[in-house]
*Asks:* 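Provided herewith is a single structure, encoded as structure tokens, for subsequent inquiry.
No experiment lies behind these values; they were computed from the predicted model shown.
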Amino acid sequence: VLTQALTRAGCKVHATSSLHTLMRWVDEGKGDLVISDVVMPDGNGLDTLPRITATRPGLPVIVISAQNTIMTAIQAEEAEAFDYLPKPFDLPDLMKRTARALEAQFLSEMLKSAGVGETPEGFGGGVGEDQFASFLRDAQAREMAEAGGIGLAQTLFEAMLERSHD
């Protein structure tokens with residue numbers, strides 16, 4: 001149902017129920033967003049979030065779950081999921097969250113292009129400093145998107161919603 005709805009909304013969707021396949025796609029650089037269930041046939045979707053973050057920093061992950069408990073929500077937050085949505089969920093709500101995640105990713109790339117987080121050559125913080133700068137840019141971009149961003153999320157959401165009714 002989710003795959004069909006997002007495809008109708010104009011998204012290019014790669015769907016799998018396998019964490020192994022998901023991680024292969026992440027490793028190959030496929031996709032701009034991950035929507036993952038917690039309970040998967042070959043493991044726990046929350047357990048893959050640290051690896052996704054290490055492999056593709058800034059790749060937004062929206063976690064969905066029928067395990068509608070406060071612990072699941074806390075675990076998703078601790079694992080740095082972009083968002084958490086308990087099942088059953090409203091499809092337009094998921095589309096809105098998807099659009100917000102894509103805008104945040106876009107804004108993070110724009111901040112990086114603008115030099116936000118870059119350090120002077122002489123500082124020498126190395127890889128750790130670059131990773132911290134990446135996390136900082138992602139957090140700034142997320143806050144910007146949450147505050148309304150540049151309107152991209154709303155435009156994406158409206159387009160997705162319109163296409164889903166066709």
*Asks:* Given side chains that start at C-beta, do those of E78 and L46 come closer than 4.5 Å, heavy atoms only?
*Replies:* no

*Asks:* Once rounded to the nearest 0.5 Å, what's the spacing between atom NZ of K12 and atom CG of D32?
*Replies:* 10.0 Å

*Asks:* For T72 and S65, work out which heavy atoms get closest and say how close.
*Replies:* CG2-OG, 3.9 Å

*Asks:* Looking at S36 and G45, what are the two nearest heavy atoms and their distance?
*Replies:* OG-CA, 3.9 Å

*Asks:* Rounded to the nearest 0.5 Å, how far apart are CG of L85 and NZ of K96?
*Replies:* 13.0 Å

*Asks:* Check whether any side-chain heavy atom of V63 lies under 4.5 Å from a side-chain heavy atom of L49, and answer yes or no.
*Replies:* yes

*Asks:* Under 4.5 Å between any side-chain heavy atoms of R51 and D27, yes or no?
*Replies:* yes

*Asks:* Below 4.5 Å, heavy atoms only, C-beta onward: do I150 and E103 meet side chain to side chain?
*Replies:* yes

*Asks:* Membership question, hydrophobic clusters at under 4.5 Å side-chain separation (ILVMFWY): are L102 and I52 in the same one?
*Replies:* no

*Asks:* Flag yes if more than 12 heavy atoms outside E146 fall under 6.0 Å of its CD atom; otherwise flag no.
*Replies:* yes

*Asks:* Just how far is it from atom CG of D93 to atom OG1 of T98, taken to the nearest 0.5 Å?
*Replies:* 9.5 Å

*Asks:* Do Q154 and E158 make a side-chain contact, defined as non-hydrogen atoms from C-beta onward lying under 4.5 Å apart?
*Replies:* yes

*Asks:* Is any side-chain heavy atom of L6 closer than 4.5 Å to one of I35?
*Replies:* yes

*Asks:* Can L91 be reached from L156 by stepping across I, L, V, M, F, W or Y side chains whose heavy atoms are under 4.5 Å apart?
*Replies:* yes

*Asks:* Same cluster or not: are L33 and I64 linked, directly or through other Ile, Leu, Val, Met, Phe, Trp or Tyr residues, by side-chain heavy atoms under 4.5 angstrom apart?
*Replies:* yes

*Asks:* First locate atom OG of S108, then atom CG of L59, and finally report the distance between them rounded to the nearest 0.5 Å.
*Replies:* 11.5 Å

*Asks:* Under the 3.5 angstrom rule, does the side chain of D42 hit a backbone N or O of L19 as a donor-acceptor pair?
*Replies:* yes

*Asks:* Find out whether L107 and R137 are in side-chain contact, i.e. whether some heavy atom of one side chain is under 4.5 Å from a heavy atom of the other.
*Replies:* no

*Asks:* Under a 4.0 Å N-O cut-off, is there an ion pair linking R142 with D138?
*Replies:* no

*Asks:* Distance check, rounded to the nearest 0.5 Å: M95 atom CE versus R97 atom CZ?
*Replies:* 13.5 Å

*Asks:* Going hydrophobic residue to hydrophobic residue with side-chain gaps under 4.5 angstrom, can you get from Y84 over to V34?
*Replies:* yes

*Asks:* Using the rule that two of Ile, Leu, Val, Met, Phe, Trp, Tyr join whenever any of their side-chain heavy atoms come within less than 4.5 Å, decide whether V61 and V13 are in one cluster.
*Replies:* no

*Asks:* How close do L111 and A141 get, heavy atom to heavy atom, and via which atoms?
*Replies:* CD1-N, 4.0 Å

*Asks:* Between L2 and L94, is any pair of side-chain heavy atoms under 4.5 Å apart?
*Replies:* yes

*Asks:* If you take all heavy atoms of A15 and T3, which pair is closest and at what distance?
*Replies:* CB-OG1, 3.4 Å

*Asks:* Using a cut-off of 6.0 Å, state whether more than 12 heavy atoms not belonging to H14 lie near its atom NE2.
*Replies:* yes

*Asks:* Would you kindly say whether Q105 and E109 are connected by a side-chain donor-acceptor distance under 3.5 Å?
*Replies:* no

*Asks:* Kindly give the heavy-atom pair with the smallest separation between T16 and M40, and that separation in Å.
*Replies:* O-CE, 4.2 Å

